[in-house]
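Have a look at the structure below, then the notes.
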Amino acid sequence: MKIANEKCDVLVIGSGLGGVRAAIEAKRAGLKTLLVDKSILARASASIYAGSIVVRKPPEYLVKMGLMEPGMDFEEPFDASFQYFVREGARTGGSEFTANQKLAMTVACEMGIRAEELKDFGVEDINSQRWVGPPGLWGRNIMLPLVKYIKKIGVKTREMTMITDLVRQGESIIGAIGFDIRKSQFVSFETKAVVLATGSYAQIYERVYAPIRMTGDGYAMAYRAGAALSDMEMMGFDNWGIAEPDLPQYWIPGSIARTSGVLRNAKGEAFFHRYAQEHGVLGEGATLSFDDNMSKRYGRPFIELVPYLIRASMKEIKEGRGTDDAVFLDLTQVPEEKWKVDSKGIFALNLLRGFDLKNNLLRVAPICIGDFKGGGVKIDEKGRTGLEGLSAAGDVSPGSSMLYALVTGVLSGRSAVTRALDISMPEFDGETRDWVEDRIGVLETILNRKPHESGDPKKIKSRVKSILWRSGGPLRDEDGLKEGIGALEEVEKEFMPMVSASCSFRKLREAVECRNMVQVGQMILPASLYRTESRGYNQRTDHPKRDDKNWLKNTIITQRNDQMNIDAEPVDLLFLKPESMERAGR
Amino acid sequence: MKWTANHITYEYDEEKCTCGLALCTEACGQGVLDYLEGPDKMEIVNEVQCIFCLQCEEVCPTKAITIQGALTLQDIPGLKS
């Protein structure tokens, strides 16, 4: 077999905001920098799809109209941002007080200046995107100038090249292997440092709002290379997913959901209204009036209602009072003056395709939201993973949001620079070369295997997605999780050995994504089982309470002697402790 | 091929699909498009999932895709001021 070879000082994997920003850092230090992506540059990233939160400050006119909450502004005193990170967690890792506080502090301190700095790289208006572009392209005015910029300064880019494994020699990462889809060619890369910026694993779920290539490749690669992963059970969900058979599966942003809608079950009962009163959801000043929006009605900021909305909706669906695995959002009684804004919003027009909300109930159901996640490849406050030569940025590490990707992009890029300036080019020794040949041999087998129905990558993917949604979705319990673990084992043993790429490198990408998805699932479910409490996005019906006494911890997954090992490490409460932060208990 | 979703029209001219790079398929985050190897043509496989983000139209070098009528917030009267 022929393996092409390429050498560079710093190899960046992934062309979302984290990867691109890391590449800028490496190139500016004068290093030979190569950025590879399994798809085309930036276009398939979550940064362009949903990425707009470089500054989470919606235009004032939308706030005034009650369409948007003020949100977080990077010009706020950084301690407010920091508190938000630690409390919400998912923005900077973990969830609900389990974030790495040193990293959260670094992100809070740096994000304002790093957002400003984007102007140096040709991003004209860092505030512009979120509320004005079409959905699915919110990060366009940030990502496209950045791609242009890295090409201008001489970062070498390589599209349509999928990295399948990191090359580890001793305790260091010294390269990567993969294949070029367009050239139909296997490739090995030799490098001094690797920045992993491969995005999230949201696509592991059946119901999901995230671009399709978010299959968790980086998590699986890092795991196989021996890096530690933290809080893999923390993948976020929201209640507001469209669940109509004839409409796209997409998240309904606040503009519709935040109106005076009423959630109803198949019998027409306003089930959340009842649930809120029976389950201590009501906050101060709750009006309980259907004339008010949900936030006023139940006396809580909208974001705090989400976990309750999910629980209540899932309960209706599970207990047979839903419809087609969904519940109804009733907007038929919304007064005329509110329609003037909402019904004409882009979401109603483009996503709902003229669906008549005034006369019909809209099916909605919980959905996995790619940018609410808190698990990933464990990094420190410098973006380092613990393996020499491997740093990570953006969603592949335990945080999310554009601000997080931006700052961790700088950190991981800088750590790669430090490493690359410090060492000479490592050489693959004999053992490593054998390993590379062996791994490529495995890929070649998948490539050339005769197609078989049970080895169709797309079918295996939907099987995995369905398993994960059922057992590792918004609500979890011990039995379900164990069943899911068993089902994934079956996929691994029965289907994965049959997986075939039908001699197409494009399909080989699908097959490798399949393998990665199974492996990520095999981390999420046990991690969720291990955390015997409900915290953030790990909602366990059999352990419904948050347990700060035992679980102010991160779950840590590592591979030891080919076996998966789960541990828990106490969170370092360096700056803030939960009891010192104002928040109504969940 | 042409399909409409309420006010939006999506038109795909297969004759013009000649770049052989599958840029549209790669840019589609919703899995609406697929790429047929052999004929080297884009194929619309799951139009229900289209969110009219316009990426496919934007990356197509031969203008084989035309989407008309998709709105952004900017198009909504009274929202800008």
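Per chain, numbering begins at 1; letters A, B, ... match sequence-line order. Atom set for the values below is all heavy atoms of this structure, side chains included, hydrogens, waters and symmetry mates excluded. None of the values given here were measured: they were computed from a predicted structure.
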Sorted by number, residues from residues 32-41 of chain B in contact with chain A (heavy atoms, under 4.5 Å): B/Asp34, B/Tyr35, B/Glu37

Spatial distance of atom CG (B/Leu54) from atom CD1 (B/Ile67) [nearest 0.5 Å]: 5.0 Å

Nearest-0.5 Å distance that lies between atom OG in A/Ser500 and atom CD1 in A/Ile446: 9.0 Å

More than 12 heavy atoms of other groups within 6.0 Å of A/Arg363 CZ: yes

Neighbourhood of chain A inside residues 18-30 of chain B, taking heavy atoms under 4.5 Å as contact: B/Leu21, B/Ala22, B/Leu23, B/Glu26, B/Ala27, B/Cys28, B/Gly29, B/Gln30

Largest heavy-atom contact set with chain B, pairs under 4.5 Å, which of A/Arg213, A/Gln249, A/Lys507, A/Arg506: A/Arg506

Side chain A/Thr161, main chain A/Glu159, donor-acceptor under 3.5 Å: yes

Interface moiety of A/Ala210 toward chain B, non-hydrogen atoms closer than 4.5 Å: backbone

Validation row: A/Ile181, A/Arg509 side chains within 4.5 angstrom (heavy atoms): yes

Rounded distance (nearest 0.5 Å) linking atom NZ of A/Lys461 with atom CD1 of A/Ile204: 11.0 Å

pair A/Asp180-A/Arg182: side-chain heavy atoms closer than 4.5 Å: yes

Spacing of OG1 belonging to A/Thr157 relative to CG belonging to A/Asp37, to within rounding of 0.5 Å: 10.0 Å

Chain B contact via A/Met214 - which portion, at a heavy-atom distance below 4.5 Å: neither

Heavy-atom contact with chain B under 4.5 Å, split by part of A/Leu144: side chain

Candidate pair B/Glu57 and B/Lys63, rule salt bridge (charged side-chain N to carboxylate O under 4.0 Å, His left out), full reasoning: CA-CA 7 Å; B/Glu57 183 187 35; B/Lys63 304 206 181 311; over 6 Å; no

Polar side chain donor-acceptor pair, A/Thr215 to A/Asp217, under 3.5 angstrom: yes

Side-chain heavy atoms of B/Ile44 within contact of B/Tyr12, under 4.5 Å: yes

Contact origin within A/Ile40 toward chain B - heavy atom pairs under 4.5 Å: both

Rounded distance (nearest 0.5 Å) linking atom CH2 of A/Trp240 with atom CG of A/Leu362: 9.5 Å

